[in-house]
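Below is one structure, written out as structure tokens; the observations come after it.
What's counted below: heavy atoms across the whole structure, side chains too, no hydrogens, waters or symmetry copies. All values reported here derive from a predicted model rather than from experimental measurement.
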Amino acid sequence: MKKKQKNSLIIFTFIALLLTSCGTKTIQQEQRNPALSRAQDIYCLVEEQEVPDWEAAVREVVGDAKLTVQEPMVYKEGVLQWVIEFNDTMDSVTEAYIQLYSTETRGWSLIPTRCGFEKDGVTYSGISAAFVSMEGDLYCLVHKEDGSTNLATMDASGVKQILGDAGELREQLLQNKDSNMFMDLSGKIYLYQDPDISDINTNATHVEIYDENLQKKRTEVVPGRMYGMLQASSDTEPYWYGMGEDGKSVVKQLGAEDALVTGIEGLAAREYVAGCSAEGYICLADAGALWVVTEAGSQKVLSWQEQGYYWDTLYGLVPGPEETIYLLGQLDEEKLLISLCFT
């Protein structure tokens with residue numbers, strides 16, 4: 001199992017899926033038991049749906065071209081993955097696609113990122129650095145023919161809205177290509193290095209923080225390996241989560257002395273993902289179980305294996321629609337999108 005909810009900027013992947021809201025019928029395998037689980041006064045409804053195969057949809061466009069795909073990513077309207085097309089000798093990239101699965105249409109779309117496109121009367125030369133915000137929305141960088149760069153929103157139909165100038169952010173990404181990026185509920189952007197390449201001497205992670213106008217404001221040094229960020233509400237500062245200097249799991253605000261929670265018993269500190277639902281439930285999951293974190297501490301909500309889920313890999317947790325939270329994982333060669341609903 002992989003240890004991170006990885007939102008790599010340059011290339012990522014995903015396999016998609018449609019998840020309906022709580023109360024709808026779940027696609028169930030005989031050996032699995034999606035069900036209502038209770039931890040004290042927190043109830044968790046688990047629903048699942050299998051992610052459909054992505055390759056057939058791509059082959060309709062690219063034929064028998066040589067392809068690789070990157071690690072999948074989930075967002076609140078579906079799933080995305082980067083598909084890379086190579087020449088016959090596999091020594092040169094001929095095109096890079098963002099493949100998106102829409103939970104509304106239940107179909108795949110394929111967006112070439114190296115081809116020019118026009119938006120609002122302006123010509124753009126390409127797309128890069130797709131990432132998911134803390135609200136589960138999808139963003140990317142778009143590049144003009146004059147070399148300038150803007151932030152933009154996107155969905156399965158392509159680029160939706162062009163936002164502010166992102167030239168300073170683009171320069172930082174060019175210097176640190178193995179980076180991850182998050183946007184908080186106020187529009188601030190946090191750029192940090194992949195946990196696999198954290199400073200091996202200090203075990204620290206450097207976080208570059210950009211304001212709502214995409215201007216760099218400051219750098220924070222996180223004392224540990226940072227896997228991602230989450231935010232319970234617009235009234236609170238974001239939390240980073242990962243593994244602290246002591247080798248224990250930790251959820252903590254940037255610059256804070258005290259952690260919200262640390263050293264959760266039973267949680268695999270090197271191999272877990274975390275996220276936050278729209279109503280503010282902070283969730284942590286590894287291959288064994290799901291926990292909910294509150295100001296009073298952590299509660300183990302359910303055991304995956306008791307319900308028949310023997311995960312090979314977990315990819316991430318993001319807010320879904322209608323007060324759900326989505327978990328994407330792989331189990332026995334199939335990818336599943338799990339919808340969690342708390343009552």
* Structure fact -> Closest non-hydrogen contact found for Lys76 with Pro319 is CB-O, 3.1 Å
* Asked: Could you give the distance from OG (Ser179) to CG (Leu173), rounded to the nearest 0.5 Å?
  -> 6.0 Å
* Roughly how far apart are Trp291 CH2 and Ile264 CD1, rounded to 0.5 Å? -> 7.0 Å
* More than 12 heavy atoms of other residues, nucleotides or ligands under 6.0 Å from CG of Asp91: is that the case? -> yes
* Go through the side-chain N and O atoms of His143 and Ser128 and say whether any donor and acceptor fall under 3.5 Å apart. => yes
* **Donor-acceptor contact present, side-chain Arg59 to main-chain Ala65, <3.5 Å** => yes
* Please lay out, stage by stage, how Trp311 and Ile338 fare under the test side-chain contact (heavy atoms from CB on, under 4.5 Å). => CA-CA 12 Å; Trp311 296 112; Ile338 301 295; 3.8 Å; yes
* Asked: Under 3.5 Å, is there a donor-acceptor pair between the side chain of Thr205 and the main chain of Gly224?
  -> yes
* To do: Heavy atoms only: give me the nearest Cys276-Leu230 pair and the separation to one decimal.
  => CB-CB, 4.3 Å
* Asked: Given the rule that I, L, V, M, F, W and Y join up when any side-chain heavy atoms are under 4.5 Å apart, are Phe342 and Tyr309 in one cluster?
  -> yes
* Of all residues at least two apart in sequence or in a different chain, which pass the side chain to side chain contact (heavy atoms under 4.5 Å, CB included) check with Ala152? -> Cys140, Val142, Val159, Ile162
* Side chains of Met134 and Pro238: does their closest heavy-atom pair fall under 4.5 Å? -> yes
* Asked: Is atom CD of Glu118 surrounded by more than 12 heavy atoms (other residues, nucleotides or ligands) closer than 6.0 Å?
  -> yes
* Does some side-chain heavy atom of Met154 sit less than 4.5 Å from a side-chain heavy atom of Ile98? -> yes
* To do: Evaluate the ring planes of Tyr124 and Phe117, with Trp represented by its six-membered ring, and classify them as parallel (under 30°), tilted (30 to 60°) or perpendicular (over 60°).
  => parallel
* Asked: So, does Thr153 use its side chain to make a donor-acceptor pair with the main chain of Gln161 at under 3.5 Å?
  -> yes
* Asked: Just by distance, do the side chain of Trp304 and the backbone of Asp286 share a donor-acceptor pair under 3.5 Å?
  -> yes
* Do you know the tightest heavy-atom contact between Leu290 and Cys283? -> CD1-CB, 4.1 Å
* Asked: Okay, side chain of Lys66, backbone of Thr89: is any donor-acceptor separation there less than 3.5 Å?
  -> no
* Asked: Side chains of Tyr101 and Glu77: do they bring a donor and an acceptor to under 3.5 Å?
  -> no
* For the ring pair Tyr210 and Tyr190, is the centre-to-centre distance below 6.0 Å? -> no
* Asked: Sub-3.5 Å donor-acceptor pair from the side chain of Asn213 to the main-chain atoms of Gln215, do we have one?
  -> no
* **Leu174 with Tyr139, same ILVMFWY side-chain cluster at under 4.5 Å** => no
* Asked: Do Met90 and Thr68 come close enough that some side-chain heavy atom pair is under 4.5 Å?
  -> yes
* **ILVMFWY network linking Ile209 to Met226, side-chain heavy atoms under 4.5 angstrom** => yes
* What residues, two or more places apart in sequence or in another chain, satisfy ring pair (Phe, Tyr, Trp, His ring centres under 6.0 Å) together with Tyr310? -> none
* Starting at OH of Tyr97, measure out to SG of Cys115 and round the result to the nearest 0.5 Å. => 7.0 Å
* Ser277 side chain near Tyr326 side chain, heavy-atom distance below 4.5 Å -> no
* Is a side-chain N or O of Thr262 found less than 3.5 angstrom from the main chain of Ser249, in a donor-acceptor match? -> yes
* Mind telling me whether Tyr241 and Tyr272 have parallel, tilted or perpendicular rings, with 30° and 60° as the class edges? => tilted
* Asked: Taking side chain as C-beta onward, heavy atoms only, is Val62 less than 4.5 Å from Leu67?
  -> yes
* Determine whether the side chains of Tyr192 and Glu220 contain a donor N or O and an acceptor N or O closer than 3.5 Å. => no
* To do: Please report the C-alpha distance between Leu284 and Leu267 in whole Å, then the side-chain angles of each, then the deciding distance to 0.1 Å, and finally whether the side-chain contact (heavy atoms from CB on, under 4.5 Å) criterion is met.
  => CA-CA 8 Å; Leu284 294 82; Leu267 178 67; 3.7 Å; yes
* Asked: Would you say the side-chain atoms of Thr113 pair up with the backbone N or O of Ala96, donor to acceptor, closer than 3.5 Å?
  -> yes
* Are Val250 and Leu254 linked, directly or through other ILVMFWY residues, by side chains that come within less than 4.5 angstrom of each other? -> yes
* Asked: Hey, are the side chains of Asp155 and Leu138 touching, using non-hydrogen atoms and a 4.5 Å cut-off?
  -> no
* Any luck finding a side-chain donor-acceptor pair between Asp137 and Tyr75 under 3.5 Å? -> no
* Asked: Closest approach of Leu314 and Val273, non-hydrogen atoms and distance?
  -> O-CG1, 4.0 Å
* Nearest-0.5 Å distance that lies between atom CD in Glu95 and atom CD1 in Ile84 -> 8.5 Å
* Do Leu260 and Val293 have side chains that get closer than 4.5 Å, going by heavy atoms? -> yes
* To do: Measure from the side-chain N and O atoms of Asn87 to the backbone N and O of Val93, and report whether any donor-acceptor pair falls under 3.5 Å.
  => no
* Is Leu191 reachable from Val221 through a run of hydrophobic residues whose side-chain heavy atoms are each under 4.5 Å from the next? -> no
* Measuring from Leu169:CG to Met181:CE, what's the distance to the nearest 0.5 Å? -> 5.0 Å
* Roughly how far, to the nearest 0.5 Å, is the CD1 atom of Ile189 from the CZ atom of Phe131? -> 4.5 Å
* Pair Gln231-Tyr239, side-chain hydrogen bond (donor to acceptor under 3.5 Å, both in side chains): steps then yes or no -> CA-CA 6 Å; Gln231 190 172 16; Tyr239 295 92; over 6 Å; no
* To do: Provide the closest heavy-atom pair for Asp165 versus Asn150 in the form atom of the first, atom of the second, distance.
  => N-ND2, 3.7 Å
* Distance-minimising heavy-atom pair for Val83 and Val69 -> CG2-CG1, 3.9 Å
* Asked: For Lys188, which of Glu208, Glu212, Glu237 qualifies under salt bridge (Lys or Arg N to Asp or Glu O under 4.0 Å)?
  -> Glu212
* Asked: Hey, are the side chains of Ile111 and Ile127 touching, using non-hydrogen atoms and a 4.5 Å cut-off?
  -> yes
* **Gln307 and Val46: CA distance, side-chain angles, deciding distance, side-chain contact (heavy atoms from CB on, under 4.5 Å) verdict** => CA-CA 10 Å; Gln307 295 191 348; Val46 180; 4.2 Å; yes
